[in-house]
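So you know, we letter chains A, B, ... as the sequences are listed, proteins then strands, and number each from 1.
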Amino acid sequence: MIRVLGLTKQYGAVRAVDDLSFDVAPGRVTGFLGPNGAGKSTTMRMVLGLDRPTGGRALVAGRPFAEFAEPLRVVGALLDAGAVHPGRTGRDHLRVAARTSGIPARRVDEVVDQVGLGPAARRRVRGYSLGMRQRLGIATALLGDPGVLLFDEPMNGLDLDGVRWIRRLVRQLAGEGRAVLLSSHLMSEMEQTADHLVIIGRGRLIADASMGEVMRRGRAARTVRVRTPSAGLLAAALMRRGLRVSPAADGDLLVEGTGAETVGDVALEERLAVHGLAEDRSSLEQVYLDLTGDSVEYAVAGLPGEPLAAEPVPVLEVRP
Amino acid sequence: MSAPAVGTVGGPVGGPAGTPAQPGTAAVLRRAAAAEWLRLRTVRTTWWCLLAAAVTTVGLGVAAAADTADPGGPGGVSAVFAGEFGVLLGQLALLVLVVLAVTSEFATGQIGPTLQWTPRRGVLLAARLTVPVVVVTVAGLLLALAADATALLVAPDLGLPLSELAGSLVGVAAVLAAGGVLAVGLGLLLRSTAGALASVFMLQLVLPFLLASFGVEWMEDLAELLPGTAAVWVMLGEPEMTAGAATTVLVGWSAAALVAGGWSLLRRDAA
Ligand SMILES: Nc1ncnc2c1ncn2[C@@H]1O[C@H](COP(=O)(O)OP(=O)(O)OP(=O)(O)O)[C@@H](O)[C@H]1O
Ligand SMILES: [Mg+2]
């Protein structure tokens, strides 16, 4: 497992990671989330001893990573699939890796088959597509059959098949009892893959909780969609009760911060017809945006932490 | 490209419970050195550099030696002149080999994975210093020998006294080892291929000849402090210099570059 203890990294004026502490437990996939520049990659680099922490420390299986004599048997990592010497063949790249940790050469062919690199393994990396580089990186991570795995955006640039393959692989690795730390910006993938989430923003911890807990936290912010011929009257009634209401592009009403029961009851009380009533399932994407809204570092102008509703929401004119 | 089935990873899971007994430092160093040797062999540039070094050392060395053997030539040298003169020029290709072995990993980002595989930076430093330096030293010795033998075949009058040969080969080894260490150190310090190549060439070849060519005294004095001048002295016995001074200059530059480059690898962030 991985233990991050008060980890801090200062790059000149930038505090990339700020007193960050969390654990990555064995037997589950820990999703590592945060906006661009939040410090995810920097944290992983410090866990692997690539960057020296300004403060705090990171332990792998109870020891600093740099102490291991056969590191590939302890930790497999894919941080940057492009960071490979282009003049070497994929197979030779793996042979060099295997040699450093005393891993038998036949393991090289096993992982080449496992990631589906096939005959490309005998070609120079220069000619690899992004997907092939990702596969080579994953092959390297699996080489030493390690108990701890770190993947930094491994699905980047993969086709649909590749994304699903990574999802299954990561689930399987955790199922075998390994500790897996996985970062990604693909929330729907994360929702299907991770058991536990560590969310950071501007280098600080925002949430460290199971997927279930995080989703429950988002439940309070759910949205109800109502279809009614009396939109104006229902909206007014709901707003009198302190609820935020906005029109969707198709004429439905979006009611924030409550459940379908409340909206149904209000409609009954006011004796207004309802043709449709649906609760937007709170997706990880919504919860995530809600949690990290304040810490987005590189917000697109005009979209400062977009609110929860799916469509743009002009405030409704209330006609009594 | 279609996604393969998720195969089994196989074997027992390592980690906290299953951490196997760790091999000692000597074994780790041996593996790092073996990996380093494999790294060198598996990129084409290594072989291009060796080819260039062979052509230059043997070709130009033999040509220069044959020239002196001509009735009208300067005379007074044996066949070892071929190897010595050849290595003075051919060392450039060998130093390119060393610089690329060190700096290409910074340019490509490969240093990241490399440090994940060998996180003990002292071990990596030892392997990355030893293997390329030994490779170019051995290559230089073999090429010098080949040049000497070829020169003797081409111009048998030159002769090849064994005592002279032994001394000459010691000089070749010293020059290449010192140059190799200098290149490793500057490569680790500067991390840029262009920067390291430019500095090594300046110190080893361009400045020594340039400064000495103006005939200005302080420039000549300055040139005598450069490693390239000492290398020329070791090979050709010019300019006037004591063995002690030449050794001090060679060892001093290599040691200084190694300390600076070693500090850079041991202390700085990976990339
Ligand atoms: N070598 C470096 N020198 C200076 N600043 C750096 C360096 N590496 C990272 N940073 C800064 O540290 C912060 C965290 O970067 P990091 O790459 O860890 O973020 P991230 O969470 O991985 O982002 P992304 O989702 O875009 O990959 C950023 O502000 C970045 O500019
Ligand atoms: Mg990143």
inquiry  = Set out, in order, the CA-CA distance, both residues' side-chain angles and the distance that settles side chain to side chain contact (heavy atoms under 4.5 Å, CB included) for A:His85 and B:Arg39, then state yes or no.
reply    = CA-CA 10 Å; A:His85 196 304; B:Arg39 277 190 181 95; over 6 Å; no
ask   = For A:Arg57, does the CZ atom have more than 12 heavy-atom neighbours from other residues, nucleotides or ligands under 6.0 Å away?
value = no
remark   = Between A:Ala83 and B:Pro113, the two heavy atoms sitting closest are O-CG, 3.3 Å
task = State whether the number of non-hydrogen atoms from other residues, nucleotides or ligands found under 6.0 Å of A:Arg164 atom CZ is greater than 12.
result = no
query = Any idea which heavy atoms bring B:Pro119 and A:Pro71 closest together, and the distance?
reply = CD-CG, 3.3 Å
key: Among B:Glu105, B:Gln110, B:Arg30, B:Arg41, residue most engaged with chain A (heavy-atom pairs, under 4.5 Å)   = B:Gln110
Contacting moiety of A:Asp80, where chain B heavy atoms sit under 4.5 Å = neither
message = So which atom in B:Leu115 and which in A:Phe65 form the shortest heavy-atom distance, rounded to 0.1 Å?
response = O-CE2, 4.5 Å
ask   = Looking at A:Glu67, A:Arg45, A:His93, A:Met46, which one has more heavy-atom pairs under 4.5 Å with chain B than the rest?
value = A:His93
message = Do B:Asp269 and A:Lys9 have side chains that approach each other closer than 4.5 Å (heavy atoms only, starting at C-beta)?
response = yes
task = Could you tell me which portion of B:Val43 (side chain, backbone, both or neither) has an atom closer than 4.5 angstrom to a non-hydrogen atom of chain A?
result = both
message = Tell me whether B:Phe85 at atom CZ has more than 12 heavy atoms from other residues, nucleotides or ligands lying less than 6.0 Å away.
response = no
Engaged part of A:Arg124 at the chain B interface, taking heavy atoms whose separation is under 4.5 Å = side chain
request  = Could you tell me which portion of B:Arg267 (side chain, backbone, both or neither) has an atom closer than 4.5 angstrom to a non-hydrogen atom of chain A?
outcome  = both
ask   = From A:Thr100 OG1 over to B:Gln116 CD, what is the distance, rounded to the nearest 0.5 angstrom?
value = 10.5 Å
inquiry  = Shorter than 4.5 Å, heavy atoms on both sides: which option in A:Gly137, A:Ser101, A:Ala98, A:Ala179 has the most such pairs with chain B?
reply    = A:Ser101
query = Would you find more than 12 non-hydrogen atoms of other residues, nucleotides or ligands less than 6.0 Å from A:Arg3 atom CZ?
reply = no
task = Might you point out which heavy atoms bring B:Ala270 and A:Asp51 nearest each other, and give the distance in Å?
result = N-OD1, 3.8 Å
note = When the 4.5 angstrom heavy-atom criterion is applied to A:Leu50 and chain B, the contacting part is both
query = Does the A:Arg99 side chain pair with the main chain of B:Ala32, one donor and one acceptor, at a distance under 3.5 Å?
reply = no
note = Heavy atoms of B:Leu266 and A:Arg52 approach each other most closely as O-NH2, 3.3 Å
